[in-house]
Protein chains: 2
Amino acid sequence: MKKTGRKSVRRKGFAVTIDEVASLAKVSPMTVSRVINGHSKVRDSTRERVMQAVQELGYIPNLAASSLAAAQDARIALIYTNPSAAYLRELLLGALHSAARAAAQLVIDDWDELDAGGERKAARALARSVAGVILPPPLCESKAVIEELVEAGVPVVAIASGRFNHDISSVRIDDFLASKEVTEYLIKMGHARIGFIKGHPNQMASTRRFEGYQAALKDAGIAMDAALVQQGYFTYRSALPAVEKLLALRKAPTAIFASNDDMAAAAISVAHRRGLDVPRDLSIVGFDDSSAATTVWPELTTVRQPISTMADSALDILLRTIRRKENDTKVVVDQVVAHQLILRDSVAAPATMSASKTQGG
Amino acid sequence: MKKTGRKSVRRKGFAVTIDEVASLAKVSPMTVSRVINGHSKVRDSTRERVMQAVQELGYIPNLAASSLAAAQDARIALIYTNPSAAYLRELLLGALHSAARAAAQLVIDDWDELDAGGERKAARALARSVAGVILPPPLCESKAVIEELVEAGVPVVAIASGRFNHDISSVRIDDFLASKEVTEYLIKMGHARIGFIKGHPNQMASTRRFEGYQAALKDAGIAMDAALVQQGYFTYRSALPAVEKLLALRKAPTAIFASNDDMAAAAISVAHRRGLDVPRDLSIVGFDDSSAATTVWPELTTVRQPISTMADSALDILLRTIRRKENDTKVVVDQVVAHQLILRDSVAAPATMSASKTQGG
DNA sequence: GTGAAAGCGCTAACAG
DNA sequence: CTGTTAGCGCTTTCAC
């Protein structure tokens, strides 16, 4: 008679509880719990009855309670430094979603102000207070941070790290393949002089993307022209001079492949400033399918990296790892998720293909 | 013998608990709790002993447990439709921060796909499942949504709503004043022909910003030129034609004040496409200080709207309201937070001020 | 100023 | 496939 206890000293919350759902559906709270959590061993008719009661009452499980009861109250940290707004938005949304589903306690932290030593210290402190850590780039490349965390035995999942590091789990796309596909697409459209803007050298993903570009060129029998490759740092600003250099070339490229959308947006801006029409005079492709891709005009052809889903997966892996810890089988997984080429309006066949310069005007 | 119960069926979590701290400090768990939560009635010596134990053990309170026990497990919803990535990022960060601090359970929901009827239905459902709702624009202007929520007695806080609505609490900046200050700044810099790009008409903030612009002009004795005012919809794309029209004017403006940063970024883009230098040939200011403001080049002079802090405040207000509900004193607050003019590189004195066109080149 | 008891809402384990 | 029991870690209330 726990729930109806009249002499209870504590005031009950206002929210609908699992017990109310249970009594409406005429089952035990446990059964409701099973339905909510998608356990399979429930008769369909029962499940339906429960679902209906849930619907009717507008029941939303109390996360605090479930997390407490399940003792999977895993406190997991999501640490970031200086990510683009779009990126962080996706990351948060994904992690939040998964955290809610799994009743995990998310600790979001910004290490922007920290130097290398500070990161090491922060990592050490973190290791004592959370059960797992999610590391997006560029932190997932920090030897110091990873070392501290691994040493302390805290499971870590790197997101979008570019490559697998055997010390920690990772959720990523195949940057090499994605980049190769983009380049191949450009080649198929008729482009032979394709400019490339590299990403920040502190991230493996940058390297992988560049390698994909090179591989596609090689496969197509196109010789690499070093002048067509410029260094960028993933920021809009960093790409400005890179694009300027590319377009100032005597034999300017007919297409530019930027290692992320921000830099592709910069390419559009520079092209416009020089009076070029995108995509007629210059095709541009980005990478990530961040919000920048659809903010600019024309909208960017790009590669979709499902950050939100990836964050979700990362949290799942962490939770599974934590729970398995009792059997202290240490497992490191490398999950490669599918990317997707998103075709929009920033790519066309090169003008020279159709009728050289006659179209100009 | 609860905690040391040897025949416990449940495995205990790995984390340090309040009981461990208590026994190390040789006090009851209750006292530890009081120390942690800053209750005053604890002897200093006791407090110190507890603190030390906390330190020593690296104890971090389990949020799930405290929120459950305190029954302040207020579930509060943050609903959004189609916000810019930067905006949502700030919103989430602020709300998350506050939620963690207050042990509230955040329910994040995306109503992008809903039509007006759907919103009404969703609002009705929501009212039954959460203790409070945070509404960013443009949802905070939806009569239907607010009606349903208010009718159900759910406290609602509107963020950045542009004006106070007596039915619901709000946290906002003074859009009118901020806009007036921006315009005055432009005038002080020597601009007299100032183009204005309005925001989406479905938001009061748009109106207030326009009014601020008008007021500053009037105060300065500058006659309003209707041709200088163009409609936008807060998106980058929507501002493109608006800016084109402005710059095609025979007497083109020397400055453009866009109602948000995205549209200001579009203005820069169009200006560049037309071969204008920003700020030499055209000054541009935005509004919000979103990430777009520092992504573009030159960086935007804009008004900082502290979204993250505002979200934090909103959650606080909600929590206070919910807790006060027992005394069923319904309170609606209107909190106006300070904005800030951020001076960056997109504004200069008009070229005609210094030496007409001699500077060109 | 401090402690003991009770229970927040939920779920793991074990029966049936 | 479903119910019963016993807590998860913390804080409320009330006693001392």
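Naming convention: chains lettered A, B, ... in sequence-line order (proteins, then strands); numbering from 1 in each chain.
- Here C/dC8 presents its P atom at 13 Å from CG of A/Leu68, a figure rounded to the nearest Å.
- Here the nucleotide nearest the side chain of A/Tyr59, chosen from D/dT2, C/dT11, C/dC10, is C/dC10.
- In this structure, A/Ile36 atom CD1 and C/dG9 atom P are separated by 16 Å, rounded to whole Å.
- Distance from the side chain of B/Val27 is smallest for C/dG3 among the nucleotides C/dG3, C/dT11, D/dG3.
- Distance A/Lys41 NZ to C/dA12 P: 15 Å, rounded to the nearest Å.
- B/Asn37 has its CG atom 14 Å from the P atom of D/dT13, to the nearest Å.
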With side chain to side chain contact (heavy atoms under 4.5 Å, CB included) as the criterion, how do A/Leu92 and A/Leu78 come out once you've worked through the C-alpha distance, each side chain's angles and the decisive distance to 0.1 Å? CA-CA 9 Å; A/Leu92 288 178; A/Leu78 169 56; 4.1 Å; yes
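- Counting to the nearest Å, the P atom of D/dG9 and the CG atom of B/Asn62 are 7 Å from each other.
- With A/Val145 as the partner, the side-chain contact (heavy atoms from CB on, under 4.5 Å) test is satisfied by one option alone out of A/Val156, A/Val150, A/Leu135: A/Leu135.
- Relative to the side chain of A/Ser66, the nucleotides C/dT11, C/dG3, D/dC1 differ in distance, and C/dT11 lies closest.
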Quick one, A/Asp167 with A/Val332, criterion side chain to side chain contact (heavy atoms under 4.5 Å, CB included). Give me CA distance, side-chain angles, the key distance, then yes/no. CA-CA 7 Å; A/Asp167 292 333; A/Val332 170; over 6 Å; no
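- For C/dT2, the OP1/OP2 oxygens have no side-chain nitrogen or oxygen of B/Ser28 closer than 4.0 Å.
- Judged by distance alone, the side chain of A/Asp110 and the main-chain N or O of A/Asp112 form a donor-acceptor pair under 3.5 Å.
- Residue pairs satisfying the side chain to side chain donor-acceptor pair (under 3.5 Å) criterion with at least one member in residues 145-154 of chain B, sequence neighbours excluded, are listed as follows: B/Arg120-B/Glu147, B/Arg120-B/Glu148, B/Arg124-B/Glu148.
- When rounded to the nearest whole Å, the span between CE of B/Met30 and C1' of C/dG1 equals 12 Å.
- The shortest distance between the side-chain N/O atoms of B/Thr31 and the OP1/OP2 oxygens of C/dG3 is below 4.0 Å.
- Between A/Thr46 and the phosphate of D/dT2, there is a side-chain N or O to OP1/OP2 separation shorter than 4.0 Å.
- Ranking D/dG3, C/dA12, C/dG7 by closeness to the A/Arg34 side chain, first place goes to D/dG3.
- Rounded to an integer number of Å, the gap from A/Arg49 CZ to D/dC1 P is 14 Å.
- The side chain of A/Ala69 sits closest to C/dC10 out of C/dC10, C/dC8, C/dT2.
- Two residues, B/Ala65 and B/Arg47, neighbour DNA chain C, and the one matched to the more 5' nucleotide by heavy-atom proximity is B/Arg47.
- Rounded to a whole Å, the NE2 atom of A/His39 is 15 Å from the C1' atom of C/dC14.
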